[in-house]
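Quick notes on the structure that follows.
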Amino acid sequence: MNTLAVHTAYTVPVGMMAALQITLLVLVAVGATAVVLIRAPVRQVLMLSIYGVLLAVLFLAFQAPDVTLSELTIGAVLLPVVILLTLAKVRKPEQ
Amino acid sequence: MTPPQRRWIFLVAGAGLVAFYLWGLSGLPGFGNYPGPYGFVILRVAVAQTNATGVVSAINFDYRGFDTVGEEFILFVAATGVATVLRRLRGERERPAVDEAADRDVPATSSAVRMVALLFTGPVVLAGWWLASHAQTNPSGGFQGGVMLATAFVLIYLSGEFLMVKRFNPADLTDVVEAVGAGGFVAIGLAAVAMGLPYLKNFLPLGQVPGAVSSSGTIALISFFVGIEVAAAFILIVGELLEQTLLIRHGGS
């Protein structure tokens with residue numbers, strides 16, 4: 001497998017980088033499956049947030065720090081907040 | 001349509017999808033192999049041409065700046081749409097932001113949540129501002145910084161009262177900031193046109209040192225405008241949703 005390792009002052013051994021990337025890919029796949037399988041909406045949102053963090057770390061390991069920041073702020077924080085607020089609006093019984 | 005028929009249609013369609021998917025995958029370049037010349041060309045010339053060491057920002061706000069104007073207005077229109085859809089309708093009334101349930105106590109914000117939210121608000125504002133103003137030097141940019149600034153607003157809500165949030169979020173102000181952010185981006189592009197240059201051409205001095213905060217001409221300026229536009233847009237969206245959840249009820253008693 002050809003990794004994207006670039007040789008800089010901070011070079012990580014290629015094998016180590018590949019191991020990290022494969023681990024993160026597996027974790028992201030597990031996380032995505034968990035988001036789909038969890039049926040309780042609030043728990044699903046929490047899992048979605050964790051999945052966002054996993055995806056952000058994955059992007060970092062693939063040397064895309066810009067995308068990491070976007071995913072972290074949108075996927076892990078704001079999207080769950082927006083969904084939680086919507087759930088709160090929908091679930092609250094009217095008086 | 002009977003269930004067996006439906007199942008057959010699904011199986012045929014599913015098999016077709018899988019076949020197309022595998023066919024598409026087999027044509028992809030190998031993992032980590034980049035075939036095109038465009039990226040290599042940009043990597044070679046970008047720092048010298050723009051004095052921005054954050055090459056992704058140089059692409060977003062300069063080489064492909066026109067695309068980013070479009071994306072900017074997607075968010076602008078989305079925020080406008082949310083504000084329009086979530087306006088107070090006839091037959092809905094606003095009520096004070098207090099819990100009126102008679103059979104239980106108002107759940108107090110736990111001091112742990114309050115503490116964490118208070119601790120993080122300052123650093124989050126700082127980090128967001130830093131990201132929005134350092135697009136030209138680091139992996140960062142107006143979008144990421146703006147979203148982070150908006151999360152500070154969520155933290156203020158978590159740390160205390162909705163009324164505090166209302167004080168921090170005068171809707172008129174966020175509207176104006178959002179408009180200035182979106183308009184500023186377009187205006188920078190038009191300023192280049194007024195000088196007889198192509199739209200969004202980087203017309204400001206690029207600075208002497210690549211990677212300095214003052215370098216990169218319009219790239220830094222556009223990132224700043226994107227930052228305040230994105231922050232205002234997300235504060236507007238979350239604020240509208242908070243208002244829906246906490247204040248607005250159906251009419252009647």
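Per chain, numbering begins at 1; letters A, B, ... match sequence-line order. Treat the numbers as computed from the prediction; the structure is a model and nothing was measured.
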Inset, instruction - Tell me the residues of residues 51-70 of chain B whose non-hydrogen atoms fall below 4.5 Å from those of chain A, in number order. - result: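 Listed by number: B:V56.
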Legend entry - Close approach to chain A in residues 135-148 of chain B, criterion heavy atom under 4.5 Å: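 Those residues of residues 135-148 of chain B which have a heavy atom under 4.5 Å from chain A are B:P139, B:S140, B:F143, B:Q144, B:V147, B:M148.
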Inset, instruction - Please say whether more than 12 non-hydrogen atoms of neighbouring residues, nucleotides or ligands are located less than 6.0 Å from CZ in B:F10. - result: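 Incorrect, the count does not exceed 12.
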Inset, instruction - For atom CZ of B:F73, decide whether the heavy atoms of other residues, nucleotides or ligands shown that lie under 6.0 angstrom number more than 12. - result: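 Yes - once you tally the heavy atoms of other residues, nucleotides and ligands closer than 6.0 Å, there are more than 12.
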Inset, instruction - Drop me the distance from B:L242's CG to A:K89's NZ, to the nearest 0.5 angstrom. - result: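 Result: 12.0 Å between the selected atoms.
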Inset, instruction - Look up atom CG in A:L85 and atom CD1 in B:I237, then write down how far apart they are to the nearest 0.5 Å. - result: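 A:L85 CG to B:I237 CD1: 12.0 Å, rounded to 0.5 Å.
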Inset, instruction - Tell me, with the steps shown, if B:V154 and A:V77 meet side chain to side chain contact (heavy atoms under 4.5 Å, CB included). - result: CA-CA 10 Å; B:V154 178; A:V77 182; 5.9 Å; no
Legend entry - Member of A:L78, A:L72, A:V81 meeting the side-chain contact (heavy atoms from CB on, under 4.5 Å) criterion with B:T151: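 Exactly one candidate clears the test, A:L78.
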Inset, instruction - Given side chain to side chain contact (heavy atoms under 4.5 Å, CB included), test A:V82 with B:F234 step by step and report yes or no. - result: CA-CA 10 Å; A:V82 166; B:F234 276 103; over 6 Å; no
